[in-house]
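Quick notes on the structure that follows.
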Number of protein chains: 2
Amino acid sequence: MAEKEITIKDVARLAGVSVATVSRVMNGRDRVSDATRKKIQRIIEELNFVPNTMAASMVNKKTHMLAVVVPEIQNPFYTAVIGGTVEAAKKEGFSTLVVSTYNDEAEEEEFFEGFLGRNVDGIILIGTHKEAGFYRNIRKPTILVDRYINDCGHDGVLIDNFRGAYEAARHFVEYGHERIAIIDGAHDFNDGKDRYWGYHQALHEHGIVPEPGYHKQGKWLEEDGYRFTMELMQSAEPPTAIFATNNVICTGAIKAIRDLDLRIGEDISLIGFDENELAQFVQPRVTVVGRPMREMGIQATEMLIQKIKTPPGEQTKLKRIVLDVELIKRGSVKKLN
Amino acid sequence: MAEKEITIKDVARLAGVSVATVSRVMNGRDRVSDATRKKIQRIIEELNFVPNTMAASMVNKKTHMLAVVVPEIQNPFYTAVIGGTVEAAKKEGFSTLVVSTYNDEAEEEEFFEGFLGRNVDGIILIGTHKEAGFYRNIRKPTILVDRYINDCGHDGVLIDNFRGAYEAARHFVEYGHERIAIIDGAHDFNDGKDRYWGYHQALHEHGIVPEPGYHKQGKWLEEDGYRFTMELMQSAEPPTAIFATNNVICTGAIKAIRDLDLRIGEDISLIGFDENELAQFVQPRVTVVGRPMREMGIQATEMLIQKIKTPPGEQTKLKRIVLDVELIKRGSVKKLN
DNA sequence: TTGAAAGCGGTACCAC
DNA sequence: GTGGTACCGCTTTCAA
């Protein structure tokens, strides 16, 4: 397991040339005579020599690695973004490594201070921190995905949360709903906040004043979706529609509805945010606001690599790409009018 | 974004000491006078200096990083293993990075040849390669998880697939089933093969000869579960029970049963392998063979770190840890007798 | 207690 | 074309 590693020096010695020449052959930049090249290549082969990437990185300050840092690796939304990133990175010759912070700020900080954070060429970040200061301290090409903090100093790839929620709520209204509840979580990030206000505006525009009791705030957890749906449906005046603002809340809501022996799209209308297994399984299937998850990863990665390749001098000003969402209508919203 | 990095030299110069002394203060090993230590610490603070981990690693050959390489990051089984790994690694002061090979051998090879594979201290590997040769080439502390290849030269943390399948099949038999189908995939790895033969033995022991048409082999995909369940149930002599040998096949089977308008545990009995969302959602819930996924990650990581810390001389002989599985009985198996 | 200097394993510039 | 060599940023003897 731990024989002394073979180095470029060994190769040079055995080939009877200098390390410089071996280096040339490895990188194929400078030209080397065919004879020596052949000989060196043979020795490399024989010795099964693999250059130490770290040593190389020390001098040229490049690792050709990207990190994608997500809050939670178990959430299919994030794994889809990761998939897009890996694909796009590979195309450009970069390797990708994944880090999950498990929604823990300390964990996120450790990444940046540790080996990884300091040695990747760039970072795709779905952050956990809420203050711009944290992000401003990141001195490395970074693209924020999904969650964006104003004044953070980095580019972002986002989706139009406001519009997604607006469309969902409007869909309810158009179908004649007025008692429309929303289950979300803390408004720590733009995404959650925007979804709430999108919903809010759609209602207002149609003269509906959202009843305070219809706004349930948890922690963006499945159990919140479950508990609040239970509460709502068992209250004196249950809503006719529920907007579940992320995929796990939606899962919880579906389970609650099932346990309450209610029929989706009949006894209660439901719209979720993001695709999820259950939403596609139940009958009728659940209408959701879909976002181009994989595409977000791809776009972010392309921006990132672009940025990495741009000489420090000519950095352009900050930009944010906003991708569109789509209301995927299925059968979970009952027509009341 | 790219001001010149601060180095240990800058600190040394400003503190009016040698780099050696700064290094001492940073690592806290050697003793340094209180006065100089204070001064150096102040400068480090002021400059916001963070040492270059790569340079350090070059000399002490340690990165304190572990990689966990999985075939597919979207599969909850693997993310659970990852979770266990991250937890255990953290306890011992190691960072963990995740790499998904997407079931692609080339991708897996690239990892080992690239920056990451060469610079982590150890690897938790759920491999994609099928030949022992590939694994024997890995010259780094490595633990194989779940999938094990004989003669690979590494320790492993496995589960008793044979027994899990055996228990599942026996459960069917005890409940009076005789027409028991099994859906699996290629027997490339021990896990799949063992599951098939566990099933096979249980039937044989009870004098049941598995009908060839009841063994459906696909690619371990959800669509296989769906397609084969359809085929089986629409055949001239449909089985009374189906053993879905992994989580996604089970998901597919559940969907097919739903689309066929059949009732689980009534028209068709079903047992899955590994927990999954749908198995717990449908009514009645689906009986599954459960494995201690997170625990597998933890055990593997502890073995790995142990190994990393063991001096090369005194390596012990190979060992495999086999964790137990558990048949989680729920309502999806009908009593026929 | 502190400093000088020799690496770690490469890269790249400058000579020849 | 090829070799010599000064780094990259840090750790670690060895001396002082």
Side-chain angles (χ1 to χ4, degrees), chain A residues 2-41 43-44 47-65 113-115 117-119 121 139-140, chain B residues 2-41 43-44 47-65 113-115 117-119 121 139-140:
Chain A
E3 318 105 80
K4 57 223 148 296
E5 295 281 326
I6 294 159
T7 75
I8 194 173
K9 285 183 191 162
D10 300 316
V11 178
R13 188 164 29 75
L14 265 73
V17 298
S18 74
V19 295
T21 304
V22 178
S23 176
R24 286 185 185 104
V25 171
M26 293 183 339
N27 303 307
R29 298 194 208 305
D30 265 333
R31 68 177 99 284
V32 178
S33 81
D34 253 27
T36 37
R37 148 165 300 110
K38 289 255 168 60
K39 192 199 307 180
I40 290 174
Q41 279 168 337
I43 307 262
I44 288 179
L47 261 48
N48 205 357
F49 164 67
V50 193
N52 180 329
T53 47
M54 207 149 66
S57 293
M58 273 212 59
V59 13
N60 56 26
K61 269 104 176 61
K62 292 249 163 301
T63 59
H64 281 279
M65 291 196 321
E113 287 159 10
F115 190 98
R118 295 181 51 78
N119 298 319
D121 290 347
R139 318 216 140 288
K140 222 182 236 310
Chain B
E3 317 105 82
K4 58 225 146 292
E5 294 281 327
I6 294 160
T7 75
I8 195 174
K9 284 182 193 164
D10 300 315
V11 179
R13 187 163 30 75
L14 265 74
V17 299
S18 74
V19 294
T21 305
V22 178
S23 175
R24 288 187 182 103
V25 171
M26 292 182 339
N27 302 307
R29 296 193 210 306
D30 265 335
R31 68 177 113 295
V32 178
S33 81
D34 253 26
T36 37
R37 149 165 297 113
K38 289 254 169 60
K39 193 198 308 178
I40 291 174
Q41 279 167 337
I43 308 264
I44 287 179
L47 262 47
N48 205 359
F49 165 67
V50 193
N52 180 328
T53 47
M54 205 150 65
S57 293
M58 272 214 58
V59 12
N60 56 26
K61 270 107 174 60
K62 292 250 162 300
T63 59
H64 280 278
M65 291 198 320
E113 286 159 10
F115 190 98
R118 295 182 51 79
N119 297 319
D121 291 347
R139 318 217 141 287
K140 222 183 236 311

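No experiment lies behind these values; they were computed from the predicted model shown. Throughout, protein chains are lettered first and strands after them, A, B, ... in sequence-line order, and every chain is numbered starting at 1. Just so you know, these numbers use all the heavy atoms, side chains as well, and skip hydrogens, waters and symmetry mates.
Annotation: side chain to side chain contact (heavy atoms under 4.5 Å, CB included) contacts of A:Asp34 (sequence neighbours excluded): A:Arg37, A:Lys38. With sequence neighbours excluded, the residues forming a side chain to side chain contact (heavy atoms under 4.5 Å, CB included) with B:Met26 are B:Ile8, B:Val22, B:Ile44, B:Phe49, B:Pro51, listed by chain and number.
A distance-only check finds a donor-acceptor pair linking the side chain of A:Lys140 to the backbone of A:Arg118 [under 3.5 Å]. Counting only distance, with no hydrogens or angles, the side chain of A:Lys9 and the backbone of A:Val19 share no donor-acceptor pair below 3.5 Å.
The residue A:Ser57 sits apart from the nucleic acid: no heavy atom pair falls under 4.0 Å.
For the residue pair A:Phe115 and B:Met54, the shortest heavy atom distance occurs at CE1-CA, 4.1 Å.
At least one side-chain heavy atom of B:Val11 sits under 4.5 Å from a side-chain heavy atom of B:Ile40. Residues A:Val50 and B:Glu113 have side chains not in contact (no heavy-atom distance under 4.5 Å, counting atoms from C-beta outward).
Where DNA chain D meets chain B (any atom under 4.0 Å from a heavy atom), the bounding nucleotides read 5' to 3' are D:dC8 to D:dT13.
Two end axes, each from the C1' atoms of five base pairs, can be drawn for the helix from C:dT1-D:dA16 to C:dC16-D:dG1; they diverge by 40°, to 10 degrees.
The side-chain hydrogen bond (donor to acceptor under 3.5 Å, both in side chains) analysis of residues 13-27 of chain B, with sequence neighbours excluded, yields the pairs B:Asp10-B:Arg13, B:Ser18-B:Thr21, B:Ser23-B:Asn27, B:Arg24-B:Asp30.
Rounding to the nearest 0.5 angstrom, the gap separating the NE2 atom in B:His64 from the OG1 atom in B:Thr53 is 11.5 Å. Put simply, CG on B:Leu47 and CD1 on B:Ile6 are 4.5 Å apart, with the number rounded to the nearest 0.5 Å.
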Quiz item: Just by protein heavy atoms under 4.0 Å, how would nucleotides 7-16 of chain C read 5' to 3' in B, S and -?
Solution: BBBBSBB---
